[in-house]
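One structure is given here, and the rest of the page talks about it.
What you see is a predicted model, and the numbers here were worked out from it, not measured in a lab. In listed order, ligands and their atoms are each counted from 1.
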Amino acid sequence: MRQLTLIFLALITTASATANAAQDLDALKADTRKQALPVLPRVVGMMQETVAAHGAMAAIPVCKEKAPLLLKEQADKTGWGMRRVSLKTRNAERGTPDSWEVRQLADFNIRAANGEKVETLETGEIVSESGMPVYRYIRAIPVGTVCLSCHGATESIEPALRTELGRSYPNDRATGYSLGQIRGALSVKRPL
Ligand code: HEC
């Protein structure tokens, strides 16, 4: 009987530790979202305004400089790592995913194929890096209408723009997208 009580107590303790860990993860995810996600609609808004006012050619710096800058500002403020990654990069130097990110991006593609909404695809997980716990969070970046002028089917890209992109990015893989697909993801690395 005593033994049974002990087993029972051990089970309760394990269950409540699991519940606490799940709560911690939810809190971490909520806080990470709050700090990182507002950057995404800001970039889209800036992109829409710039394309409407000055044309797509003039909007190259929004994706090339503004988006990384806004992420860097937020990264400096929080002390976390923040960047954009993709399975098909335009700028491989900046946007090549590491193995954890590759796995999550592949998983996003499967989840999207199974009907999940691309706009809300995300994953958060505590992993160990060099023996230290790190919270990693990744959120899909969907292709909107304004993105197609530079990431859509090659033949649909304005010739002058196509030439310009080809000159700057000879290994560009970030074309051929259609509306609603996953362009890439925002990836956050948060030391714990
Ligand atoms: C005016 C052209 C243009 C438009 C429009 C555009 N992009 Fe880009 N995009 C670029 C360029 C140029 C790069 C490469 C940036 C660099 O050098 O780091 C890029 C890179 C990216 C990357 C980083 C990964 C990679 O492929 O290197 C993501 C993610 C991205 N774009 C998403 C979007 C989304 C989402 C939209 C629509 C809201 C969009 N882009 C609209 C030109 C554009």
List the atom pairs, with distances to 0.1 Å, where a side-chain N or O of residues 41-55 and a protein N or O form a donor-acceptor pair under 3.5 Å, not counting sequence neighbours.
from: T50; atom 1: OG1; to: M46; atom 2: O; distance (Å): 2.6

Counting only pairs under 3.5 Å, give me each side-chain donor-acceptor contact of residues 57-72, with atom names and distances, residues two or more places apart or in other chains.
from: K72; atom 1: NZ; to: D76; atom 2: OD2; distance (Å): 2.8

Cut-off 3.5 Å, no hydrogens considered: what does the side-chain donor-acceptor table look like for residues 125-133, sequence neighbours left out?
from: E125; atom 1: OE1; to: W100; atom 2: NE1; distance (Å): 2.9
from: E129; atom 1: OE1; to: K189; atom 2: NZ; distance (Å): 3.1
from: E129; atom 1: OE2; to: R136; atom 2: NH1; distance (Å): 3.4

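M82 pairs with exactly one of V188, V39, T32 by the side chain to side chain contact (heavy atoms under 4.5 Å, CB included) rule, that one being V188.
Under the 3.5 Å distance criterion, with hydrogens and angles disregarded, a donor-acceptor pair is assigned to the side chains of E101 and S187. Under 3.5 Å, the side chains of R111 and T123 contain a donor-acceptor pair of N or O atoms.
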Does ligand 1 have any N/O atom under 3.5 Å from a protein N/O, and what are those pairs and their distances?
from: ligand 1; atom 1: 7 (N); to: H151; atom 2: NE2; distance (Å): 2.9
from: ligand 1; atom 1: 9 (N); to: H151; atom 2: NE2; distance (Å): 3.0
from: ligand 1; atom 1: 17 (O); to: N91; atom 2: ND2; distance (Å): 2.9
from: ligand 1; atom 1: 17 (O); to: Y169; atom 2: OH; distance (Å): 2.6
from: ligand 1; atom 1: 18 (O); to: N91; atom 2: ND2; distance (Å): 3.2
from: ligand 1; atom 1: 18 (O); to: R94; atom 2: NH1; distance (Å): 2.6
from: ligand 1; atom 1: 26 (O); to: R90; atom 2: N; distance (Å): 2.7
from: ligand 1; atom 1: 26 (O); to: R183; atom 2: NH1; distance (Å): 3.0
from: ligand 1; atom 1: 26 (O); to: R183; atom 2: NH2; distance (Å): 2.8
from: ligand 1; atom 1: 27 (O); to: R90; atom 2: N; distance (Å): 3.1
from: ligand 1; atom 1: 27 (O); to: N91; atom 2: N; distance (Å): 2.9
from: ligand 1; atom 1: 31 (N); to: H151; atom 2: NE2; distance (Å): 3.1
from: ligand 1; atom 1: 31 (N); to: R183; atom 2: NH1; distance (Å): 3.3
from: ligand 1; atom 1: 40 (N); to: H151; atom 2: NE2; distance (Å): 2.9

